[in-house]
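Everything on this sheet refers to the single structure shown next.
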Amino acid sequence: LFPHASPAEAAAATAVPDEPLVDSVMPYYGSRLSLKLKALSEQSVGREARPRLRPESRYVRYMKRLYKISLKQGRRPDRSASHVYNTVRLIAPRDECLERSEESSMQDLSYSLDRVRAQEQLLKSILLYSLDKDQATSFASLCNLDVKEQEHAGQKLCSTMHHSVSFRVRSEKRSRRIWVEIDVTTFLHPIIRSQKKEIHLLINLTCAENGEEVGGSQERRVPMELFLRSPSLLLYLNDTSEVAYQRWPSSARSESLRPSLVMNNFLSLLKSKQKGPMHGRRRP
Amino acid sequence: SKRDAAVTSPVANPTAHSPRYDFPTDDCELYDFRVSFSQLKLDHWIIAPQKYNPRYCKGICPRAMQSIYGSPVHTIVQNIIYEQLDSSVPRPSCVPSEYKPLSVLIIESDGSIAYKEYEEMIATKCTCR
């Protein structure tokens, strides 16, 4: 149900458990702890064992909003086919370096895919920019994003994985923060399917004037410093493991629910036996 | 008091196929139990929802188990053994038989955030086994 134990976490879990939850569970289950229970007790034990990296609060708020939207979508009977995911992962870039000019910005980013498991099939992947602006300004731009996978020096000389996508960025006066979501599914799908534990991307972002007149004045180009903050990676996945909720369970799972024929025969026998004494007839 | 009764009173009609009793029984029933993830010491990891109601099953398994709870043949046989042959053989237990999933928001150890939908997190029906 919960993440598989990595060796480090397993070691932490098998240390002398001092947490009440694990004490109450271990004697009953001992070595037959199911995967679900083991991860549950590790999370409970591992509380102080290792420092936990905390994500930026803006991304926590973004994911809480996505959580609420998914709950609403999940409850609707006519929920759209778009909600086929049962897992969404937001991964912040690890190390980054940036070159920026008036019209463009070049970012060298790496993302850890350590927590993405083999049973999690990629449905959609998005580069998520969070732009903070002062409310006085408004802008509109047509931007183009070029993304390329940076192969390690040891591997291929030049990278063949390359993708380009155009998108519009517009902001009215009143908004303070803008989320820009750029779909890179077709580019990332083969990379993630290869189950690499880390991906290294070179992103080149250029923005031109939008060329549209709004209210008689030319809209300003989006200031490139807004793109200073590197994008996070948002992965929509379908976890096919047993612990994850499947919207369309496999036929094997629903098969076991049908009452067996044996039961009906046995019950009719039981009912006839319990109607009253057998009137002195003893059956061999 | 009424409030306490509300906490321990069984969930309205948890076993869809069970007839409604006018008088309270201690037969196998589904009960609410609201718990926060901080009580479970998991709040450093699960950040939403704050609380949830896993529910639990409690009560005695009556003889007419099959019609009420859809129990298998084995359960009925075990009950007969308990009642008529050897009471050291335990009586059938009142346990959950159906569940609902729960969506949670998780902070992974590497600082990434995950939305997950997990199966079998909330009991919705009880049975005797």
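By convention in this document, chain letters (A, B, ...) are assigned in the order of the sequence lines, proteins followed by strands, and residues within each chain are numbered from 1.
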State, yes or no, whether a side-chain contact exists between [X] and [Y] at a heavy-atom distance under 4.5 Å.
| X | Y | result |
| --- | --- | --- |
| A:Tyr245 | B:Ser103 | no |
| A:Thr87 | B:Glu117 | no |
| A:Val243 | B:Glu119 | no |
| A:Glu242 | B:Glu120 | no |
| A:Arg54 | B:Ile107 | yes |

**OP:** Keeping the roles fixed (side chain from B:Tyr115, backbone from A:Tyr236), state whether a donor-acceptor pair exists under 3.5 Å.
**Re:** no
**OP:** Against chain B, label A:Leu66 side chain, backbone, both or neither, depending on which of its atoms sit under 4.5 Å from a heavy atom there.
**Re:** side chain
**OP:** Before accepting this row, confirm whether a basic side-chain N of the pair A:Arg115/B:Asp110 lies closer than 4.0 Å to the acidic partner's carboxylate O.
**Re:** no
Original post:
What is the minimum heavy-atom distance between A:Pro55 and B:Gly111, and which atoms define it?
Top reply: CB-O, 3.3 Å
Original post:
So which part of B:Ile47 gets closer than 4.5 Å to some heavy atom of chain A, the side chain, the backbone, both or neither?
Top reply: both
Subject >> NZ on B:Lys116 to CG on A:Asp239, rounded to 0.5 Å >> reply: 3.5 Å
Original post:
Do B:Ile113 and A:Arg89 pass the side-chain contact (heavy atoms from CB on, under 4.5 Å) test, and can you show the C-alpha distance, the side-chain angles, and the key distance before you say yes or no?
Top reply: CA-CA 6 Å; B:Ile113 311 171; A:Arg89 291 188 179 281; over 6 Å; no
